*Asks:* 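One structure, pasted below without further comment.
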There are 2 protein chains.
Amino acid sequence: MPTTLTPRAPRKDALENREAIVAAAAIVFRRDPEASLDAVAAEAGLSRRALYGHFASRDDLMAELLVRGGTRISAALLDVHDDDPRVHLALVGAAMWSEVQQVRVLAQLAIHGPLEKTIADALVPVRASVREAARNGVARGWFRPDIPVESLARLIEDAAIAVLDEAVRTDLSDDAGRRLVMSVGLSVAGLSWQDALALIDATPELAGPTSRTADPASAGPTSRTADPEGPRA
Amino acid sequence: MPTTLTPRAPRKDALENREAIVAAAAIVFRRDPEASLDAVAAEAGLSRRALYGHFASRDDLMAELLVRGGTRISAALLDVHDDDPRVHLALVGAAMWSEVQQVRVLAQLAIHGPLEKTIADALVPVRASVREAARNGVARGWFRPDIPVESLARLIEDAAIAVLDEAVRTDLSDDAGRRLVMSVGLSVAGLSWQDALALIDATPELAGPTSRTADPASAGPTSRTADPEGPRA
DNA sequence: ACTAAGTTGCACAGGGCTGTGCAACTTAGC
DNA sequence: GCTAAGTTGCACAGCCCTGTGCAACTTAGT
């Protein structure tokens with residue numbers, strides 16, 4: 001008995017439409033987190049009614065967006081680590097750049113609504129990573145020690161979001177965008193623009209696109225310690 | 001005939017209530033620009049119906065908030081100028097800090113809605129001021145030249161907003177808040193945190209609260225040029 | 001080609017918001 | 001203390017949104 005009870009397999013175009021809806025939601029909700037489902041359906045080229053065939057409710061769609069964004073971001077952060085907190089911070093920035101769209105949607109949805117808590121959960125790893133880098137950087141005298149690391153970490157996050165916005169707005173190249181996210185993050189952390197760019201240029205891991213998808217030989221945690229004292233210490 | 005035709009003067013508590021509404025709107029709309037008038041009225045301790053006695057419509061109330069914010073911010077910017085773009089930028093930051101509440105409300109309202117244009121108008125002087133400082137700073141080699149000044153100016157603005165948020169959240173002292181706004185602005189512009197703080201400490205105008213409300217002898221444009229080469233040039 | 005999966009358009013109920021009218025009430029000004 | 005200014009609560013219409021039901025239609029899978 002090949003087909004036990006299921007009289008037919010689900011149609012493939014339905015799956016495509018589901019994807020289209022999610023994609024449309026990402027676009028629309030990034031612009032306005034409180035946009036109507038009508039707007040989402042229109043963006044997806046479907047009717048509002050059809051949308052309810054894929055998602056039981058607005059919150060359902062939101063949840064889908066959240067888990068997708070969270071998953072991708074977490075994945076992008078997986079192999080990000082460096083003993084040098086400056087490099088680590090830059091790497092986090094680069095990872096975020098590789099998932100700009102997702103990050104932007106999440107950040108936008110985080111502004112208000114009952115999703116706040118769920119979103120906060122999704123971004124916990126990022127926050128922890130940034131916070132840890134901030135703490136380390138301050139301890140080593142590279143980052144500004146005049147404000148609490150918690151505040152510093154938040155300011156770095158906000159700056160990064162602003163850069164992502166600006167990058168999208170001015171349609172930056174992939175390389176320029178990644179560079180900018182990294183350098184502005186380091187700037188807010190306390191480095192001069194010269195030091196930030198010098199560090200980025202002097203560090204192989206920060207050069208190319210996210211090292212993933214490259215040869216598996218260079219995978220795994222990095223942990224160099226080039227230039228131990230920093231450009232100006 | 002002292003009272004020509006007006007049978008009675010307007011009551012004073014009505015004016016107080018009007019103020020209360022505006023203040024409440026500032027509080028509520030800063031948290032959520034799309035909050036209901038019910039929420040505003042509640043915050044003001046009035047009924048929703050009474051609110052309509054003072055403002056014909058929601059947009060009316062919004063407009064009032066806008067002109068007030070715009071006016072105060074513009075006023076705070078009036079005597080802000082310095083030949084040194086770094087000092088100038090810091091002064092703008094300090095001026096914004098002196099009007100945190102107003103700036104926050106405007107920035108929040110700017111996010112969406114048909115007010116965008118009006119708000120943009122209200123913030124034109126600030127933007128122009130920051131942009132000019134950015135251009136100057138880049139020209140003199142103090143600020144990062146690797147991105148267009150327009151982008152740099154926007155990033156500085158966004159960072160400043162983030163600092164204002166953080167300052168309000170952590171309940172920073174007046175002095176610490178002003179210092180932070182100035183230093184982070186300079187950081188994003190490209191200075192190291194040491195240079196930023198050194199500049200702030202070494203520059204008299206950046207020390208005390210906004211020089212206004214002090215003796216009129218020290219009023220008017222400042223235009224010094226202390227430390228022409230900058231801390232590290 | 002047959003059929004069920006998927007889509008569409010419409011209609012509808014329910015909820016929240018705005019803006020208005022009105023009667024009753026409280027309060028400031030003279 | 002008289003009186004109008006101002007407030008309150010209620011009721012109402014209108015708008016936009018969500019979520020659902022249903023009949024008719026189009027399309028993918030076999």
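Worth knowing before you read on, the calculation uses all heavy atoms, side chains too, and leaves out hydrogens, waters and symmetry mates. All chains are named by letter (A, B, ...) in the order of the sequence lines, taking the proteins before the strands, and each is independently numbered beginning at 1. Computed from a prediction, not measured in an experiment: that's the story for all the values here.
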*Asks:* Map B:Asp38 and A:Asn17 onto DNA chain C by nearest heavy atom, then report which one ends up closer to the 5' terminus.
*Replies:* A:Asn17
*Asks:* In chain order, what residues pass the side-chain contact (heavy atoms from CB on, under 4.5 Å) check against A:Ser47, with sequence neighbours excluded?
*Replies:*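 By the side-chain contact (heavy atoms from CB on, under 4.5 Å) rule, A:Ser47 matches A:Arg49, A:Ala50.
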*Asks:* Starting from P on D:dC12, measure out to CZ on B:Arg48 and report it in whole angstrom.
*Replies:*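 Taking CZ of B:Arg48 and P of D:dC12, I get 15 Å after rounding.
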*Asks:* Using whole Å, report how far CZ of B:Arg49 lies from P of D:dG6.
*Replies:*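 Result: 14 Å.
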*Asks:* Which is more 5' along DNA chain C, the nucleotide nearest B:Lys12 or the one nearest B:Asp59? Just name the residue.
*Replies:*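 This one resolves to B:Asp59.
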*Asks:* Just to confirm, is there a sub-4.0 Å distance from OP1 or OP2 of D:dT7 to any side-chain nitrogen or oxygen of B:His54?
*Replies:* yes
*Asks:* From CG of B:Leu15 over to P of D:dA5, roughly how many Å is that when rounded to an integer?
*Replies:* 14 Å
*Asks:* Select one nucleotide: of D:dT18, C:dT18, D:dG9, the one nearest the side-chain heavy atoms of B:Ser47.
*Replies:*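 Within the option list, the nearest is D:dG9.
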*Asks:* Which residue is it: B:Leu180, B:Asp175, B:Val181? I am looking for the one with a side-chain contact (heavy atoms from CB on, under 4.5 Å) to B:Arg178.
*Replies:*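 Testing each of B:Leu180, B:Asp175, B:Val181 against B:Arg178, the sole residue satisfying side-chain contact (heavy atoms from CB on, under 4.5 Å) is B:Asp175.
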*Asks:* Given that both distances must come in under 3.5 Å, which nucleotide forms a Watson-Crick or G-U wobble pair with C:dA5?
*Replies:* D:dT26
*Asks:* Using 4.0 Å as the upper bound for N to carboxylate O, is an ion pair formed by A:Glu157 and A:Arg154?
*Replies:* no
*Asks:* Rounding to an integer number of Å, can you tell me how far A:Leu51 CG sits from D:dT20 C1'?
*Replies:*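 Taking atom C1' of D:dT20 as the reference, CG of A:Leu51 is at 14 Å.
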*Asks:* Can you tell me if B:Arg58 touches the phosphate of C:dT18, counting only side-chain N or O atoms and a distance under 4.0 Å to OP1 or OP2?
*Replies:* yes
